[in-house]
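Because the structure is a prediction, the values reported are computed rather than measured. Positions are given from 1, in the same order as the sequence printed here. Order of listing sets the numbers, starting from 1, for every ligand and every atom in it.
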Amino acid sequence: MSNKFDAIVKRESALLCNTYGRYPLAVSKAKGCKLYDLDGEEYLDFLSGIAVCSLGHSRDDLAEVMAEQAKKLVHVSNLFYQEPQLDLAEKLLSTCAAGKIFFCNSGAEANEGAIKLARRYMRKVKAEDRYEIITLEKSFHGRTLSTLTATGQEGPIKDGFNPLPEGFITVPFGNVNALRGAIGKNTAAIMIEMIQGEGGVRILPIDYVNDIVALCKENGILLIVDEVQTGLCRTGRFWAHQHYGIVPDIFTSAKALANGLPMGAVLCTDEAAKGFEPGSHATTFGGGAVISAVASKVVDIMLEEKMSERALELGEFAKKEVKKLKAKHPDKIAGTLGIGLLFGIELTFDGSAVWKALMDNKIVCNLTQGTILRLVPPLTIGKEDITTFMNVLDTILEDVSI
Ligand SMILES: Cc1ncc(COP(=O)(O)O)c(C=O)c1O
């Protein structure tokens, strides 16, 4: 480790709250699918800021849009009308069956908004005292008090934050009877991710999703889909719920929306949108002009360059490559997970040493649930980069003993 790096670690520990277990890498710049450390060493990025910089890093076209809009209008308060926000809303609504949008600043804030909308819709539109949100085990919905309570995981995410808000129930994944049993007279919504990213790149089976949709209809409750990680072409459709042919009452977006600038959104049907009225929900920065202009350009590029198809094709390519690796290392690779470029390689053993060796070989990815290498590269990554990843992993697996 260089002296410069050591100095940064020391400086940070004196300055910042100790909330992150950081990887041993200080990034000084990034371009395309590459990150560069303090010494200019190049890393291949299979993480893209965890599904954020989906169009690659430091793009000139997005920088130009950002600079142009910043010279005209940066912020004007949501007390006023402004068009960049509407341009973006029009584009996003053209990608799905939702009828209305609320813009905010992060994934957790979008989920918080979705929860508030579901509760308020039940109280004010349906005149029913329904407020409970049912979520799934191993889900991840954010770090605000409500969204961490909604999150179906224990550990440091919840530890020490009592009392947690009321009105959240978590049920075992994949168990329809448990879900049916959890629905009561106070249930407002079921909230799911189509693929649990943090929870181990776990796809919700189609039959399970159909049962969830049916349960929502039977019981007059709303379906909320958290697309914070899965949205914007990541899984091979613009929105992951489109793989299932379903129309959620409410779904949320964030991460890739502005390719690295902080933005979130709550998208909903016209009916669900009736739950909000002036004064019921707001945010100072949501839908700011600069971020909206950048996000509009992101949506344009994603559609023009057919990023969904690209994600799907590259995901299939990666799957085939892993199959070859599994044939060589049948005792070490369990299989693949996910779809498109929300991709997991499941190992049969604790993957910490493999992950560390990848980092040492200048490949950045992430280890989740102890055994799953999560690959969420920019959607602009090339087949040759995937091949490089697999070759390096092959060598590491040769050496690692289990
Ligand atoms: C599915 C999902 N929901 C919500 C969040 C929270 O988003 P944010 O960190 O922007 O608040 C995340 C973040 O990883 C996520 O993956």
Any salt bridge linking E12 with R22? Criterion: basic side-chain nitrogen under 4.0 Å from a carboxylate oxygen. yes
To check you understand the geometry: which heavy-atom pair defines the closest contact between K332 and L397, and what is its length? NZ-O, 2.6 Å
Using distance alone, determine whether Q229 and ligand 1 share an N or O pair under 3.5 Å. yes
Close N or O approach (G107, ligand 1; < 3.5 Å): yes
Would you please indicate if the ring centroids of F389 and F46 are separated by under 6.0 Å? yes
Using a strict cut-off of 4.0 Å, indicate which atoms of ligand 1 neighbour a heavy atom of E198. 14 (O)
Heavy-atom contact check, 4.0 Å cutoff: does I50 meet ligand 1? no
Which residue supplies the protein heavy atom nearest to atom 3 (N) of ligand 1, what is that atom called, and how far is it? D226 OD2, 2.7 Å
Could you measure the distance from the CG atom of D61 to the CD1 atom of I301? Nearest 0.5 Å is fine. 4.0 Å
Full working for ring-ring contact (aromatic ring centres under 6.0 Å, His included) between W355 and Y23: CA-CA 11 Å; W355 171 79; Y23 293 178; 4.5 Å; yes
Rounding to 0.5 Å, atoms CD (Q196) and CG (L204) come to a distance of 6.0 Å
State whether any protein heavy atom lies less than 4.0 Å from atom 9 (O) of ligand 1. no
Which residue holds the protein heavy atom closest to atom 15 (C) of ligand 1, what is that atom called, and what is the gap in Å? F140 CD2, 3.7 Å
Judging by distance only, is a nitrogen or oxygen of G142 under 3.5 angstrom from one on ligand 1? no
Evaluate K255 for polar contact with ligand 1, using N/O atom pairs at a separation under 3.5 Å. yes
Please check whether V228 reaches ligand 1 - meaning an N/O of the residue sits under 3.5 Å from an N/O of the ligand, judged on distance alone. no
With heavy-atom distances below 4.0 Å as the criterion, list the atoms of ligand 1 near A108. 6 (C), 7 (O), 8 (P), 11 (O)
Return yes if a side-chain donor-acceptor contact under 3.5 Å exists between E137 and N175, otherwise no. no
Measure N111 to ligand 1 on non-hydrogen atoms and call it side chain, backbone, both or neither using the 4.0 Å cut-off. side chain
Does R120 qualify as a cation-pi partner of F276, given the criterion of NZ or CZ under 6.0 Å from the six-membered ring centre and within 45 degrees of its axis? no
